[in-house]
Q: 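Following this message is one structure expressed as structure tokens.
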Amino acid sequence: MKKILLLLVMVHLLSCNSAKNDNELLSPLRSTESDILEDSNSLHQVSVFEGTLPCADCSGIKTTLKIHQGDGTMESHIFELVSIYKGKGPKAKVVEKGTYNLERGLEDDPDGTIYILNWNKPETEQIYYGYYSTNPDKIYLLNNKRQIIKSQLNYSLVLRK
């Protein structure tokens, strides 16, 4: 009888702890970056850069990069990158969402800024954009060495919002 009573008390205690943990899991923290993007649109400043990047086998890549400034925490630094490959048909749209980190210094400009998209993923999945401190309204796609791509072609996006 004592064993059954002890077992019932243990089950009751465990169920109380389990309920508490479930409530903690239902806190306002988000589990995916897409949830954060949707919720943060009205809470934080968003910079929207647009332009058409060169494409080797299409007529250009219409690109929109949304940078959510967040509240200063790493978790709130989120981005959305939309690439539409012109002349490639209906499945030519690629949307990538994730987190970014900032780095100071772009080439000879120590006050320039580099956005490291997907900073928490392997280096092969990271994308780099940067701007000079004298012109933050124009952001450049960078190579894997975090340098502006030197070309006759236009690898920049312009701030729209």
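Just so it is clear, the structure is predicted and the values come from calculations on it, not from any experiment.
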Q: List the residues meeting side chain to side chain donor-acceptor pair (under 3.5 Å) with N101, not counting sequence neighbours, and say none if there are none.
A: none
Q: With S151, which residues qualify under side chain to side chain contact (heavy atoms under 4.5 Å, CB included), at least two apart?
A: I149, L153, Y155
Q: Using the rule side chain to side chain contact (heavy atoms under 4.5 Å, CB included), only one of L65, I116, L81 pairs with I127; which is it?
A: L81
Q: What pairs with K145 under salt bridge (Lys or Arg N to Asp or Glu O under 4.0 Å), at least two apart in sequence or on another chain?
A: none
Q: Residues two or more places apart in sequence or in another chain: which of them pass side chain to side chain contact (heavy atoms under 4.5 Å, CB included) with D137?
A: N135, L159
Q: Ignoring hydrogens, what is the shortest heavy-atom contact between I61 and C55? Give both atom names and the distance.
A: CG1-CB, 3.7 Å
Q: Can you list everything that forms a side chain to side chain contact (heavy atoms under 4.5 Å, CB included) with D108? Sequence neighbours excluded, please.
A: none
Q: Using links of under 4.5 Å between side-chain heavy atoms of ILVMFWY residues, direct or through other members, which residues join V158 in one cluster?
A: none
Q: Could you work out, with salt bridge (Lys or Arg N to Asp or Glu O under 4.0 Å) as the rule, every residue matching E125, not counting sequence neighbours?
A: none
Q: In Å and rounded to the nearest 0.5 Å, what is the CG to CG distance from L53 to L141?
A: 6.0 Å
Q: Find the distance between OH (Y131) and OG (S156) and round it off to the nearest 0.5 Å.
A: 15.0 Å
Q: So do the side chains of E96 and N118 get within less than 4.5 Å of each other, counting heavy atoms only?
A: yes
Q: Among L142, L157, I114, L106, whose side chain to side chain contact (heavy atoms under 4.5 Å, CB included) with Y129 holds?
A: L157
Q: Sequence neighbours left out, what passes side chain to side chain contact (heavy atoms under 4.5 Å, CB included) with E123? Give chain and number order.
A: Q126, Y128
Q: Not counting sequence neighbours, list each pair that qualifies as a ring pair (Phe, Tyr, Trp, His ring centres under 6.0 Å) and has a residue in residues 92-120.
A: H77-Y100, Y100-Y115
Q: If I compare all heavy atoms of Y132 with all of E107, which pair ends up nearest, and what's the gap?
A: OH-OE1, 3.1 Å
Q: Under the side chain to side chain donor-acceptor pair (under 3.5 Å) test, which residues partner T63, sequence neighbours left out?
A: none
Q: Write out all pairs satisfying side chain to side chain donor-acceptor pair (under 3.5 Å) with one or both partners inside residues 48-60, taking only residues at least two apart or from two chains.
A: E50-R160, D57-K88
